[in-house]
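So the structure is just underneath, and the comments pick up after that.
Residue numbers begin at 1 in each chain, while the letters A, B, ... track the order of the sequences.
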Number of protein chains: 2
Amino acid sequence: MEAAKRLFAQHGYGGVSLDTIASEAGVSKQGLLYYFPKKVVLYRAVLQNVLDVWLDYMDVLGHRDDDPETALRTYIAGKLRFSREHPHGSRVFASEVIAGAPHFADEIERRVVPALHADEQVYRRWVERGLCRPMDTRHLMVVLWAATQAYADFASQICLILGKPELEQQDFDDAEKVIVEMVLRSVLRNPGD
Amino acid sequence: MEAAKRLFAQHGYGGVSLDTIASEAGVSKQGLLYYFPKKVVLYRAVLQNVLDVWLDYMDVLGHRDDDPETALRTYIAGKLRFSREHPHGSRVFASEVIAGAPHFADEIERRVVPALHADEQVYRRWVERGLCRPMDTRHLMVVLWAATQAYADFASQICLILGKPELEQQDFDDAEKVIVEMVLRSVLRNPGD
DNA sequence: GTCTATATCGCGATAGAC
DNA sequence: GTCTATCGCGATATAGAC
């Protein structure tokens, strides 16, 4: 599964063979096909696994009664930590979405959309309580999610921009600082620092 | 070229055959191979074309003496317009970057990185003149670019979130409003509205 | 430049022994 | 469950007539 995740991320669904995945995982192609009878079954299993982990990192905003600043800081940190710790998973998922979600739209509808709607609800309650400015929460979530995910999906380009071979913890810390600052300044009624 | 762009975006480099591209373009596979002797040559030609158009939309920030607010508004609007008008191009490019830029790192280094560095310079001058807060410009540009590009690359997921079959102009206008607000509130010393 | 024909290979998937 | 063997197909790429 981990081998498949990495290879799908690197070469895309159609760009990698079962032979390559199997040998990378230390099994035979037939052994692989015994557990995953079709290539697409393996692919969906990888995506399910990614989604499981992703949602674990995400549901921070919805399940706390923190004040907006703390909740948003935690949320952004969690999303960036996912990008840092599961870059391949993020990339497989991103590739699938870029392709138009041909093999996973049903699960996105079933699991991702409700999670984001729950986050929107939390934000709306903050607005009602006068803690946050009224904003288009759907697009706010899109921006938040795009900004944090970029550090996994587009790492190769960010590396070229930063002039280094790979992203380090410091880069994620810097990114977190910028994103947190942008979000807090735009949503809080009385930005702190 | 347009057919190849759309198909590479939809299925990835390894997920589409020359036969499919050729028939979609109304030529024979051999006719295609006459002009692009290798598949990877066609692919790179597509990426070059995307990059040409992309840079046209991007160099707005660097080539004007506008005040920061006007320049940033124009820049964000331009990036979103690219996402709106060239979604397939954006997706091909994103796929290549997600894969680690195996076929295009040299051109990104040569053309994209300098463009972004120029934008950084513009921002630094604004800071020196006291017009903007000091920020990590590299990450600011990453966030800006990720947020705007998401409306092309991840359109399928955003559609699921918004509950509609495809993005309309109104959605891009809403996104622009949110992104502009976020950016201006965080970089300007005296945000207007 | 465009066509027919074809070489050569690797792909996903299956069959059946053990 | 794992192995060897193999099917059938479609892929990139080339050769050569016209």
Taking the inter-plane angle between the rings of Tyr151(A) and Phe172(A) on a 0 to 90° scale, is it parallel (under 30°), tilted (30 to 60°) or perpendicular (over 60°)? tilted
Under 30°, 30 to 60°, or over 60°: which ring-plane class applies to Trp54(A) and Trp145(A), parallel, tilted or perpendicular? tilted
Restricting both atoms to N or O, compile the protein contacts to nucleotides 12-16 of chain C shorter than 3.5 Å, with distance only.
residue: dG12(C); atom: OP1; partner: Leu18(A); partner atom: N; Å: 3.2
residue: dG12(C); atom: OP1; partner: Lys39(A); partner atom: NZ; Å: 3.1
residue: dG12(C); atom: OP2; partner: Leu18(A); partner atom: N; Å: 2.9
residue: dG12(C); atom: N7; partner: Lys29(A); partner atom: NZ; Å: 3.3
residue: dA13(C); atom: OP2; partner: Lys39(A); partner atom: N; Å: 2.8
residue: dA13(C); atom: N6; partner: Lys29(A); partner atom: NZ; Å: 3.3

Near DNA chain D, under 4.0 Å by heavy atom, which residues of residues 98-106 of chain A? none
Could you tell me whether the side chain of Thr20(B) and the main chain of Val16(B) form a donor-acceptor pair under 3.5 Å?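 No, the answer is negative, given that no donor and acceptor are paired below the 3.5 Å cut-off.
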Look at the side chain of Lys39(A) and the backbone N and O of Tyr13(A), then say whether any donor-acceptor pair between them is shorter than 3.5 Å.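 Yes, the answer is positive, given that a donor and an acceptor are paired below the 3.5 Å cut-off.
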Within a reach of under 6.0 Å around CD of Glu166(B), are more than 12 heavy atoms found that belong to other residues, nucleotides or ligands?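 Counting other residues, nucleotides and ligands, CD of Glu166(B) stays at 12 neighbours or fewer.
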Can you confirm whether the side chains of Arg91(B) and Gln149(B) place a donor and an acceptor under 3.5 Å from each other?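 Side-chain D/A pair, Arg91(B) to Gln149(B): absent.
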Carboxylate-amine/guanidinium proximity below 4.0 Å for Lys164(B) and Glu168(B): yes
Write down the distance between [atom1] ([X]) and [atom2] ([N]), rounded to a whole number of angstrom.
X        : N       : atom1 : atom2 : value
Ile21(B) : dA11(D) : CD1   : P     : 11 Å
His11(B) : dC11(C) : NE2   : P     : 20 Å
Phe36(B) : dG1(C)  : CZ    : P     : 13 Å

